[in-house]
Amino acid sequence: MFDVKWIRENPEVFDKGMKRRGLEPLSEQIIDLDIRHRTALTDLQEMQKRRNELSKKISFLKKEGEDAEIQIHEVGAIKRSMSETEEIVSTLSDEIEDLLIEIPNTPDEDVPDGEDEEDNVEVRKVGEPKTFDFKPKLHDELGVSLGLMDFENAAKISGSRFVILKGALARLEKALARFMLDTHTDENGFTEMYTPVLVKDEAMYGTGQLPKFASESFKTENGYWLISTSEITLANMAANHVSKESELPMRFCAYSQCFRSEAGAAGKDTRGMMRQHQFGKVELVSIVKPEDSKAEHEKITKCAEEILEKLGLAYRTVVLCTGDLGFGSHKTYDIEVWLPGEKRYREISSCSNCGDFQSHRMNARFKTDGVKGSKYVHTLNGSGLAVGRTLIAVLENYQREDGSIEIPKVLVPYMGGMEVIPANG
RNA sequence: GGAGAGAUGGCAGAGUGGUAAUGCAGCGGAUUGCUAAUCCGUGAACCCGAUUGGGUUCCCAGGGUUCGAGUCCCUGUCUCUCCGCCA
């Protein structure tokens, strides 16, 4: 969320950012509201000052045993105009807040302009798409023929967009998650966290899922939200808190189930495990000083890419164009893995630098010893990686002609020494 | 689910209607000198002002009573204790 004071001081920069997002300039409207708000606030404060003075005088007079009727009468008059002005102040302040909470982050200067994902720009391509001397199958064909991937029972129990994994595939899902977590904690300096999957409204506002994207998440009858990503819980670790500069950067990772309604995705990726209401994901979140966020963004992206390299999977990394950039993001890299069955690259990670956008919403600040005041932290998040989609990638890339699946070397220890999932499951 | 207690600055902790004690820590300064002691100063957000500066708000949140609320009343949130239930 934007700071009104910043918009007041940088209206052109702000409007330019909105324009790149395809939005109308808003600074004039906001600044007008802000001026009216501040004027009313100043008036209110003058009245409060006068009221305080009179109250002190009344207190003094009463102690002396003297009459204070005149003063009490005057305060009564002030109070009436005060409540009117208070009303104006809070209405204007709500109007500004309601406006600001729905405004997306501005794109970084080096984010390319564009309409949609077609305009994203490739920044690197690593590894050669695997070739086969037979026709590679899709992941769900493989999983079902192994007898380890069950969409029918999942549909019977929960409906569409769910899956049940059995035996070696269930273990493979867990193996991938453990491998990712171990890499991020042992090699990349992240601290593993176990966090709630049910959260309050406030947390959803903090990271930007609310108020605009309520329909993309599930809500329980008791008012909890099911997290669509553990970015929500990890980033909110810093909410309503003033960290010490020496505590930064903070790096958290978590494996969690993620829940998405996929309301706008009807008819898209309807087969297989590509797009589910529930999926496992290992998430990375960094909370850093403003001057460090650009470098941290590169680091987090590298951490995610390394997982794919260790798994021997070909990928490409793109920088999202302005039209494809998420609501809270200042700049985003998507990592796309090669899927031989689909014969194309598919998104498997999204790494974003949110700058101070989330920290304003969450009121997440840091303080330097001996320096007056505090500053907002920068927050970053990245999937490292989406486990369900990584499972898809392993199946399609490591399949053999007979339908058996080779286990990538790095996962063998996590599979209890198993090197191949045999064709009969 | 039942009963009770509580929420005050980075931390600890007073304050039951008159405008937030005190201690510790951190930071700045002074002084004395030897691994430290002592003394002084120092909360946050916001508004006005060209600067020195002035002011408002903030005791979990939101309402209410009052000339005046940390203190009284109502609603909510969270924490703790005991009981019940439970993976």
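In what follows, every heavy atom counts, from backbone to side chain, and hydrogens, waters and symmetry copies are set aside. To find a chain, count down the sequence lines: A is the first, B the second, and so on, and within it residues start at 1.
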| request: Test A:Asn52 against A:Lys49 for side-chain hydrogen bond (donor to acceptor under 3.5 Å, both in side chains), laying out the working first. | output: CA-CA 5 Å; A:Asn52 291 345; A:Lys49 182 185 178 186; over 6 Å; no
| message | Using side-chain hydrogen bond (donor to acceptor under 3.5 Å, both in side chains), reason through A:Glu305 and A:Thr317 one step at a time and then give a plain yes or no. | response | CA-CA 8 Å; A:Glu305 289 172 344; A:Thr317 301; 2.6 Å; yes
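Residues A:Glu283 and A:Phe252 have side chains not in contact (no heavy-atom distance under 4.5 Å, counting atoms from C-beta outward). Side-chain contact check for A:Asp324 versus A:Cys321: some heavy-atom pair is nearer than 4.5 Å. When side chains are defined from C-beta on, A:Leu380 counts as touching A:Ser293, because their heavy atoms get closer than 4.5 Å. Between A:Leu385 and A:Val337 the shortest side-chain heavy-atom distance does not fall below 4.5 Å. The shortest distance between side-chain heavy atoms of A:Lys219 and A:Ser217 does not fall below 4.5 Å. Using a 4.5 Å cut-off on side-chain heavy atoms (C-beta onward), A:His330 and A:His297 make no contact. Residues A:Leu26 and A:Phe14 meet the side-chain proximity criterion, which asks for heavy atoms closer than 4.5 Å. The side-chain heavy atoms of A:Glu117 and A:Asp334, taken from C-beta on, include no pair separated by under 4.5 Å.
The interatomic distance linking A:Asp67 (CG) with B:C67 (P) rounds to 14 Å, in whole Å. Between the CG atom of A:Leu41 and the C1' atom of B:C46 there is a distance of 7 Å, given to the nearest Å. With rounding to whole Å, A:Glu245 atom CD is found 17 Å from B:G26 atom P. Atom-to-atom, CG of A:Leu92 to P of B:C46 comes out at 19 Å; the value is rounded to the nearest Å. Taking atom CD of A:Glu86 as the reference point, atom C1' of B:G62 lies 14 Å away to the nearest angstrom. Atom P of nucleotide B:A45 and atom CD of A:Gln45 are separated by 15 Å, given to the nearest angstrom. Rounded to an integer number of Å, the gap from A:His37 NE2 to B:U57 C1' is 12 Å. Atom CG of A:Asp43 and atom C1' of B:G55 are 14 Å apart (whole Å).
Taking atom P on both nucleotides, B:U31 is separated from B:U22 by 26 Å, rounded to a whole Å. Between B:U75 and B:G2, the two P atoms lie 15 Å apart (nearest whole Å). For B:A7 and B:C73, the P atoms lie 14 Å apart once the distance is rounded to whole Å. For the C1' atoms, the distance from B:U71 to B:U8 is 12 Å, rounded to whole Å. Separation of the C1' atoms belonging to B:C39 and B:G4 is 48 Å when rounded to the nearest angstrom. B:G17 sits 8 Å from B:C72 when the P atoms are compared, rounded to a whole Å. Going from the P atom of B:U52 to that of B:U57 covers 23 Å, rounded to whole Å. The separation of B:G6 from B:U16, taken at their C1' atoms, amounts to 16 Å, rounded to a whole angstrom.
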Where do N or O atoms of nucleotides 16-19 of chain B meet protein N or O atoms at under 3.5 Å, pair by pair?
from	atom 1	to	atom 2	distance (Å)
B:G18	N2	A:Ser55	O	3.4

Can you name the atoms? Protein N/O to nucleotides 71-74 of chain B N/O, anything below 3.5 Å, with the distance.
none

Output a table of nitrogen or oxygen pairs between the protein and nucleotides 48-53 of chain B separated by less than 3.5 Å.
from	atom 1	to	atom 2	distance (Å)
B:C48	OP1	A:Arg38	NE	3.1
B:C48	OP1	A:Arg38	NH2	3.2

What are the atom names and distances for every N/O pair under 3.5 Å that joins the protein to nucleotides 76-78 of chain B?
none

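Look at A:Glu74 and A:Arg50 and you find a salt bridge, because one of the NZ, NE, NH1 or NH2 atoms lies within 4.0 Å of a carboxylate O, short of that distance. Between A:Arg178 and A:Glu192 there is a salt bridge, with a side-chain nitrogen of the basic residue lying less than 4.0 Å from a carboxylate oxygen of the acidic one. Salt-bridge annotation for A:Glu396 and A:Arg346: absent, with no side-chain N of the basic residue lying under 4.0 Å from a carboxylate O of the acidic one.
Within a 6.0 Å radius of CD in A:Glu406, other residues, nucleotides and ligands contribute more than 12 heavy atoms.
Distances were taken from every side-chain heavy atom of A:Lys79 (C-beta onward) to each of B:G55, B:C67, B:U57; the shortest belongs to B:C67. The side chain of A:Arg365 lies closest to B:A44 when the candidates are B:A44, B:C46, B:U56.
No option in A:Arg275, A:Arg161, A:Lys268 other than A:Arg275 meets the salt bridge (Lys or Arg N to Asp or Glu O under 4.0 Å) test with A:Glu262. Just one residue in the list A:Asp108, A:Asp15, A:Asp113 forms a salt bridge (Lys or Arg N to Asp or Glu O under 4.0 Å) with A:Arg20, and that residue is A:Asp113.
The strand RNA chain B forms stems, runs of 3 or more Watson-Crick or G-U wobble pairs with distances below 3.5 Å, at B:1-7 with B:77-83, B:10-12 with B:22-24, B:26-30 with B:38-42, B:43-48 with B:53-58, B:60-64 with B:72-76.
Distance alone, capped at 3.5 Å, places no donor-acceptor pair between the A:Thr270 side chain and the A:Ala266 backbone.
Distances shorter than 4.0 Å separate some side-chain N or O of A:Arg51 from OP1 or OP2 on B:U57.
Heavy atoms of A:Gln48 sit under 4.0 angstrom from primed sugar atoms or phosphate atoms, though from no base atom.
Not counting sequence neighbours, the partners of A:Lys137 by the side chain to side chain contact (heavy atoms under 4.5 Å, CB included) test are A:Glu141, A:Leu142, A:Gln399.
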